[in-house]
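Naming convention: chains lettered A, B, ... in sequence-line order (proteins, then strands); numbering from 1 in each chain. Note that the structure is predicted; figures quoted are calculated from it, not measured.
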Protein chains: 2
Amino acid sequence: MRDTYHDQLDAISAELVEMTNLVGSAMNRATQALLDADLKLAESVIEGDEAVDALAAAIDEQCYDIAALQQPVATDLRIIMSGIRMSMSVERMGDLAKHVAKQTRLRYPESSIPPELRATFAQMGGLAEAIVSRAGVLIASHDVTAAGPVRDYDDQMDLLHRELFHIVLSPNWPHGVESAIDVTLLSRFYERFADHAVTITKRVIHIVTGEPYATVNMEPLVSVEGA
Amino acid sequence: MRDTYHDQLDAISAELVEMTNLVGSAMNRATQALLDADLKLAESVIEGDEAVDALAAAIDEQCYDIAALQQPVATDLRIIMSGIRMSMSVERMGDLAKHVAKQTRLRYPESSIPPELRATFAQMGGLAEAIVSRAGVLIASHDVTAAGPVRDYDDQMDLLHRELFHIVLSPNWPHGVESAIDVTLLSRFYERFADHAVTITKRVIHIVTGEPYATVNMEPLVSVEGA
């Protein structure tokens, strides 16, 4: 039974990692759909979100079963209690990728973003996939010294988010109100996506160190890491 | 021990209800600060969010302790597993109230919203406090037939959110891009706030009925309820 039990715990981590891969891919494909005004790709992202939701439901069910049938303590219990929180975060990241795809579909066959902002959104899409990929590695490895780059990516994302704000609010913005709102909301979806990756990273630190989630601070890890 | 155990479970529900009251009050006070461009009130909402975060951390700790020291099953286990999810949702609602207050502070001494939209935001503030108050009652009572009004309030909120979108995108919108973005983001904070209340309601239904959260559908409850 003991082996099965640890297999079950490993399965939860493996499924969480799979979820992070799915939503990273979804956000990157949503970004490509956004850049190319590609309706078909956008719709595949929208439909694909069901698989993410199904995985989240499966993880919840498994965490529940383990808690009910076994008596997990210490790290194992933290894996379960944090597992259901992390699945909520990753599920929400999937929703954000879906929002980007829906925005693309809404404006099709027009593009939701003006040509001069394409590069910025391309960069945000890359950062989104990079940050969730790092978070996935952390879930799998429990190597908290790898948390530094997550903070780094999040800082870069925040910077791009603020830049976009300045651009759409500049007196020279030539694309009107609708476009400014589209850009602002889209930018916010990417920023929130990165925030969730930070939350997941802090939960992994909590699992590994036992430090209460509320007081986990990623700063010192960054300076240790030098990243 | 058994009595203490049930006292502990009751305490979790009571603290969740307290959190819903805090964030309902926070969102309503943030709305008032927004309407009056009241910096002092906005700052009190921003500072007050720490109490919400502290309660969320306390609930998490208690859920963890009960899971580690007792062997909760069935409904009790669902209370604990859902408790940590609900505390995440309510904490996020507190963040959204803080976002409204921060927007107010950002534009002070100007108002973030034009006079003709005051009534709509006043209504959204009222709906926000009403929906989270209903959710709080559900957490306390476990009376799932009372879920109907939550769906109802959420529908009303979505309607106002869509109305605001149309207004800022109308060719007659006279207030420029910055104001359109302010209104859109603010409106989204209220809409998300209501979404979280719906999520909480579905979790209570899951606790009471044992139905998996993923398949909980509030529609039939509304028709039973007639609300």
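- Side chain to side chain, Gln156(A) and His161(A) fail the donor-acceptor criterion of an N or O pair below 3.5 Å.
- For Arg78(A), the parts sitting under 4.5 Å from any heavy atom of chain B are the backbone and the side chain alike.
- Proximity to chain A (any heavy atom under 4.5 Å) is restricted, for Ala74(B), to the backbone atoms N, CA, C and O.
- Proximity to chain B is absent for every atom of Asp53(A), based on heavy atoms less than 4.5 angstrom apart.
- Of the possible donor and acceptor atoms, one in the side chain of Thr20(A) sits under 3.5 Å from a partner among the backbone N and O of Val17(A).
- Under a cutoff of 6.0 Å and an axis angle of 45°, Arg203(B) and Tyr213(B) form a cation-pi pair.
- Considering only heavy-atom pairs separated by less than 4.5 Å from chain A, the leading option among Val73(B), Thr215(B), Ile84(B) is Ile84(B).
- With respect to chain B, the highest number of heavy-atom pairs below 4.5 Å among Arg85(A), Met81(A), Glu61(A), Glu178(A) belongs to Arg85(A).
- Counting only distance, with no hydrogens or angles, the side chain of Thr201(A) and the backbone of Ala197(A) share a donor-acceptor pair below 3.5 Å.
- Contact annotation for Met88(B): only side-chain heavy atoms (C-beta onward) come within less than 4.5 Å of a heavy atom of chain A.
- Looking only at heavy-atom pairs under 4.5 Å with chain B, the residue among Val183(A), Ile181(A), Leu169(A) that has the most is Ile181(A).
- Thr184(A) contributes a side-chain N or O that, together with a main-chain N or O of Ala180(A), makes up a donor-acceptor pair within less than 3.5 Å.
- Electrostatic pairing of Arg162(B) and Asp158(B) does not count as a salt bridge here, judged by no charged N lying under 4.0 Å from a carboxylate O.
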